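Please read the structure below before turning to the comments.
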Amino acid sequence: MTPEADDRARERAEGTVMDAFRAARPAPSAHARTRPHGPFAVVEAAGDIDLATAGFLAEHLDAATAGPEPDVLVDLRSVDFFDCSGLRVLCRAEERAAARGGRLRIVADDPRLRRLLRASGLLDRFPPLPGVPEERE
């Protein structure tokens with residue numbers, strides 16, 4: 001196989017993964033939406049994430065962690081309230097990402113969320129990033 005053919009095969013494979021990601025992406029809701037950002041799938045949560053709404057977040061995280069080696073960022077900066085239902089969804093999605101050779105990280109700047117993570121013993125598991133990392137060239 002020539003180097004050019006190898007590059008074309010890699011592009012087709014990468015395109016297939018991204019196409020599958022786009023096809024599997026759930027519809028945006030008032031509580032969650034997913035978008036690609038460079039090598040990451042960014043799941044943006046908003047509003048109250050509680051027993052009644054955690055399922056919307058779970059649906060997006062299930063889709064984002066479905067493929068091989070998922071690199072998922074969960075952006076919680078627009079969340080007003082987050083309870084143990086949201087923590088359960090994050091833990092399940094992080095375990096799923098790790099089982100597939102990937103990772104899940106959170107983006108958060110609210111001190112209340114940091115306190116919740118510390119009180120629940122999850123701060124080391126989910127150290128919040130201050131923002132969505134920029135693409136590397």
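What you see is a predicted model, and the numbers here were worked out from it, not measured in a lab.
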ask   = Any side-chain heavy-atom pair from Glu44 and Pro28 closer than 4.5 angstrom?
value = no

request  = Check the surroundings of atom CD in Glu95: do more than 12 heavy atoms from other residues, nucleotides or ligands lie under 6.0 Å from it?
outcome  = yes

query = Are any side-chain N or O atoms of His60 and backbone N or O atoms of Ala27, one a donor and one an acceptor, separated by less than 3.5 Å?
reply = yes

ask   = Hey, are Arg105 and Asp71 close enough for a salt bridge, meaning a charged N less than 4.0 Å from a carboxylate O?
value = yes

request  = To the nearest 0.5 angstrom, please state how far the CZ atom of Phe82 sits from the CG atom of Asp50.
outcome  = 10.5 Å

ask   = Out of curiosity, does Ile49 fall in the hydrophobic cluster containing Phe126 (side-chain heavy atoms, cut-off under 4.5 Å, transitive links)?
value = yes

ask   = At their closest point, which heavy atom of Ala64 faces which heavy atom of Pro70, and how far apart are they?
value = O-CB, 3.5 Å

Residue pair Leu122 / Leu116, side-chain heavy-atom distance below 4.5 Å = no

request  = Report whether Val132 and Leu76 are members of the same hydrophobic cluster (ILVMFWY, side-chain heavy atoms less than 4.5 Å apart, transitive linking).
outcome  = no

inquiry  = Please check this pair: side chain of Arg33 against backbone of Ala46, looking for a donor-acceptor N/O pair closer than 3.5 Å.
reply    = no

key: Closest heavy-atom pair and its distance - Pro128, Ala108   = CB-O, 3.7 Å

ask   = Should Arg96 and Leu104 be marked as a side-chain contact (heavy atoms from CB on, under 4.5 Å) after you check the CA-CA gap, both sets of side-chain angles, and the distance that decides it?
value = CA-CA 9 Å; Arg96 184 175 172 170; Leu104 181 138; over 6 Å; no

query = If you round to the nearest 0.5 Å, how far is CD of Glu94 from CG of Leu87?
reply = 12.5 Å

task = Would you check if Val79 and Asp110 make a side-chain contact, meaning some heavy-atom pair closer than 4.5 Å?
result = no

message = side-chain contact (heavy atoms from CB on, under 4.5 Å) for Leu117 and Ile106? Distances and angles first, verdict last.
response = CA-CA 11 Å; Leu117 290 168; Ile106 66 168; 3.5 Å; yes

inquiry  = Are Leu113 and Leu61 connected into the same hydrophobic cluster when the rule is that any two of I, L, V, M, F, W, Y join if their side-chain heavy atoms are below 4.5 Å apart?
reply    = yes

task = Check whether any side-chain N or O of Thr65 sits under 3.5 Å from a backbone N or O of Ala93 as a donor-acceptor pair, and report yes or no.
result = no

ask   = Is any side-chain heavy atom of Arg77 closer than 4.5 Å to a side-chain heavy atom of Val107?
value = yes

task = Please examine the side chains of Asp62 and Arg92, heavy atoms only from C-beta on, and report whether any two atoms are closer than 4.5 Å.
result = yes

remark   = On a heavy-atom basis, the closest approach of Ala45 and Ser78 is O-CB, 3.6 Å

4.5 Å side-chain heavy-atom contact, His37 and Leu73 = no

task = Could you state whether Leu90 and Leu123 fall into the same hydrophobic cluster, counting links through intermediate Ile, Leu, Val, Met, Phe, Trp or Tyr residues with side-chain heavy atoms under 4.5 angstrom apart?
result = yes

query = Between Arg100 and Ala66, is there a donor-acceptor pair closer than 3.5 Å when you use the side chain of the first and the backbone of the second?
reply = yes

